[in-house]
K.L.:
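I have a structure I would like to understand better, so I am pasting it below and will then ask my questions one at a time.
Every chain is numbered from 1 and lettered A, B, ... according to where its sequence line falls, protein lines coming before strand lines.
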Number of protein chains: 2
Amino acid sequence: MSTQTFRRRAGRPPQIDADEIVTAAVALIDAEGLEALTMRRLGTELGVTAMSLYRHLPNRDAVLAAVVSRLVREVAVEVADGMPWPQALHRFAESYRRMLLAHPHAVPLLATHPVDEVDGLALVAPVLERFRGAGVPDEDALTAVQSVGVYVLGHALAQVGTPPGASRDPGPAEVAYYDQWFTVGLDAFVLGLHHRLTP
Amino acid sequence: MSTQTFRRRAGRPPQIDADEIVTAAVALIDAEGLEALTMRRLGTELGVTAMSLYRHLPNRDAVLAAVVSRLVREVAVEVADGMPWPQALHRFAESYRRMLLAHPHAVPLLATHPVDEVDGLALVAPVLERFRGAGVPDEDALTAVQSVGVYVLGHALAQVGTPPGASRDPGPAEVAYYDQWFTVGLDAFVLGLHHRLTP
DNA sequence: ACCTGAACACCGTTCAAGT
DNA sequence: ACCTGAACACCGTTCAAGT
């Protein structure tokens with residue numbers, strides 16, 4: 001029979017893999033929030049019992065860490081070749097924020113779980129390159145990027161962490177308020193870094 | 001008997017009150033982290049069953065909100081009368097950070113639970129006053145203070161959210177690294193705000 | 001008025017067992 | 001190799017009952 005040629009080494013074929021688990025976890029968080037992400041519920045979502053998840057990921061915290069990694073890799077920073085670093089820093093901040101606001105229920109998770117160093121560096125690599133082009137030492141450049149990064153995350157936390165009321169969606173006035181605040185703060189921050197790093 | 005004169009209206013005298021619960025909650029978080037704060041454990045710490053806590057606070061989330069309020073009120077911003085606002089802003093950032101680093105296990109809680117508006121305004125009132133002294137509109141001043149606030153919180157999250165390893169304490173090199181980063185970022189941010197607000 | 005014991009409906013995780 | 005059922009040791013919270 002045809003399955004002989006391409007058959008797996010032994011046993012049952014898997015019904016799920018780690019990637020599918022992470023995809024389902026992100027979807028569940030986006031739809032119902034972090035507290036809805038239980039192992040039992042996640043299993044149900046995949047048509048499987050909770051216990052089978054442990055065959056693919058060691059525990060719930062590993063699921064959360066994998067979600068963080070997936071979301072960080074979702075950030076696409078568009079940096080043109082000759083772009084001055086202050087502009088590249090702006091782009092980074094805006095791309096990062098776009099991801100965070102696209103997954104408001106995951107923001108507390110991003111705030112709590114440190115980003116994997118490899119993921120983080122890959123994300124900011126094109127930005128660091130623009131600092132290098134201006135002769136700024138890598139160490140200073142990294143401090144600048146990380147500083148803007150914590151500003152963006154802190155701002156997103158403030159925006160999504162509205163009073164206890166559930167996930168009622170924002171309303172244009174609220175969105176405009178946070179957009180304005182974000183821009184004013186970011187402009188000032190990048191301006192100040194510019195003054196300190198390229199005098 | 002003497003108890004007649006000052007006796008309570010009826011029933012048993014309370015063994016605990018809300019303030020004691022919050023104090024015990026903070027102590028427990030500081031000592032063993034957020035996940036150690038269960039209603040049962042908190043009761044035990046106070047020599048009482050978990051169920052009796054519900055007589056004083058409606059649920060676990062109310063305990064957490066009360067902890068946030070308590071910690072925010074612990075921040076003391078020392079702002080002298082004639083102090084220029086950039087310096088007052090520095091003081092605010094340092095005081096806020098001092099509180100956060102004194103309660104590292106509570107930082108994710110502060111990041112997640114929005115600060116009560118009254119608590120927040122009381123905290124920054126002396127700082128806003130310094131902006132007023134320089135003729136900066138309240139709206140701009142509040143944006144500046146909030147921007148620095150989210151930077152401080154974001155930075156503290158990065159500092160306390162070290163790789164999965166438990167609460168191994170920091171080591172002087174790590175402390176120095178974060179202190180340096182914090183200062184460089186803060187200086188640049190305040191400088192940039194200064195350029196934008198008082199040209 | 002305040003505290004408790006028992007109970008309910010959940011969790012994450014382990015482990016032996018099925019296919 | 002992968003999935004499952006039953007079980008363990010927990011949770012937060014409710015409610016009737018004690019003092």
K.L.:
Take atom CG of Leu37(A) and atom P of dC11(C), then tell me their distance rounded to the nearest Å.
P.N.:
11 Å
K.L.:
Would you mind reading off the distance between Glu35(A) atom CD and dT13(D) atom P, rounded to a whole angstrom?
P.N.:
13 Å
K.L.:
Reckon Thr38(B) touches a base, only the sugar-phosphate, or nothing at all at heavy-atom distances under 4.0 Å?
P.N.:
sugar-phosphate
K.L.:
Start with the C-alpha distance between Arg70(A) and Thr23(A), add both sets of side-chain angles, then the distance that settles side chain to side chain contact (heavy atoms under 4.5 Å, CB included), and finish with yes or no.
P.N.:
CA-CA 9 Å; Arg70(A) 168 76 62 88; Thr23(A) 301; 3.0 Å; yes
K.L.:
Do NZ/NE/NH1/NH2 and the carboxylate oxygens of Asp138(B) and Arg132(B) come within less than 4.0 Å?
P.N.:
yes
K.L.:
Pull out every protein N or O sitting under 3.5 Å from an N or O of nucleotides 14-19 of chain D, one pair per line with the distance.
P.N.:
from    : atom 1 : to       : atom 2 : distance (Å)
dG18(D) : N2     : Arg12(B) : NH1    : 2.8

K.L.:
Can you check the Leu53(A) CG to dG12(C) P distance for me, whole Å?
P.N.:
10 Å
K.L.:
Taking atom P of dT13(C) as reference, at what distance in whole Å does atom CG of Leu42(A) sit?
P.N.:
12 Å
K.L.:
Rounded off to whole Å, could you give me the CG-to-P distance for the Leu34(B) and dG12(D) pair?
P.N.:
12 Å
K.L.:
Using 0.5 Å steps for rounding, measure from the OG1 atom of Thr198(A) to the CG atom of Leu193(A).
P.N.:
9.5 Å
K.L.:
Ignoring the backbone of His56(B), work out which of dC3(D), dT13(C), dC3(C) is nearest its side chain.
P.N.:
dC3(C)
K.L.:
What is the distance from CZ of Arg60(B) to C1' of dT13(D), rounded to the nearest Å?
P.N.:
13 Å
K.L.:
Enter the distance from Phe131(A):CZ to Leu142(A):CG here, rounded to the nearest 0.5 Å.
P.N.:
9.5 Å
K.L.:
Take the protein atom CZ of Arg41(A) and the nucleotide atom P of dC11(C), then report the distance between them rounded to whole Å.
P.N.:
10 Å
K.L.:
To the side chain of Gln15(B), which of dC11(D), dC3(D), dC3(C) is closest?
P.N.:
dC3(C)
K.L.:
Side chain of Pro14(A) only, please: which of dC3(C), dC11(D), dC2(D) is the nearest?
P.N.:
dC2(D)
K.L.:
Could you note down all residue pairs passing salt bridge (charged side-chain N to carboxylate O under 4.0 Å, His left out) where residues 76-105 of chain A supplies at least one of them, sequence neighbours left out?
P.N.:
Arg97(A)-Asp179(A)
K.L.:
Please confirm whether the backbone N or O of Ala36(B) pairs with a side-chain atom of Arg41(B), one donor and one acceptor, at under 3.5 Å?
P.N.:
no
K.L.:
Taking all heavy atoms of Val77(B) and all of Ser95(B), pick out the closest pair and write down the distance.
P.N.:
CA-OG, 3.7 Å
K.L.:
For Watson-Crick and G-U wobble pairs within 3.5 Å on both distances, what is DNA chain C written in dot-bracket notation, | included for inter-strand pairing?
P.N.:
||.|||||...|||||.||
K.L.:
Taking only the side-chain heavy atoms of Thr49(B) (C-beta and beyond), determine which of dG12(D), dT13(C), dG5(C) contains the nearest atom.
P.N.:
dG5(C)
K.L.:
Figure out the CZ/P separation between Arg40(A) and dG5(D), and round it to whole Å.
P.N.:
12 Å
K.L.:
As an exercise, state the distance from OH of Tyr96(B) to CG of Leu153(B), rounded to the nearest 0.5 Å.
P.N.:
4.5 Å
K.L.:
When you measure from the side chain of Glu174(A) to the backbone N and O of Gly171(A), does any donor-acceptor pair fall under 3.5 Å?
P.N.:
no
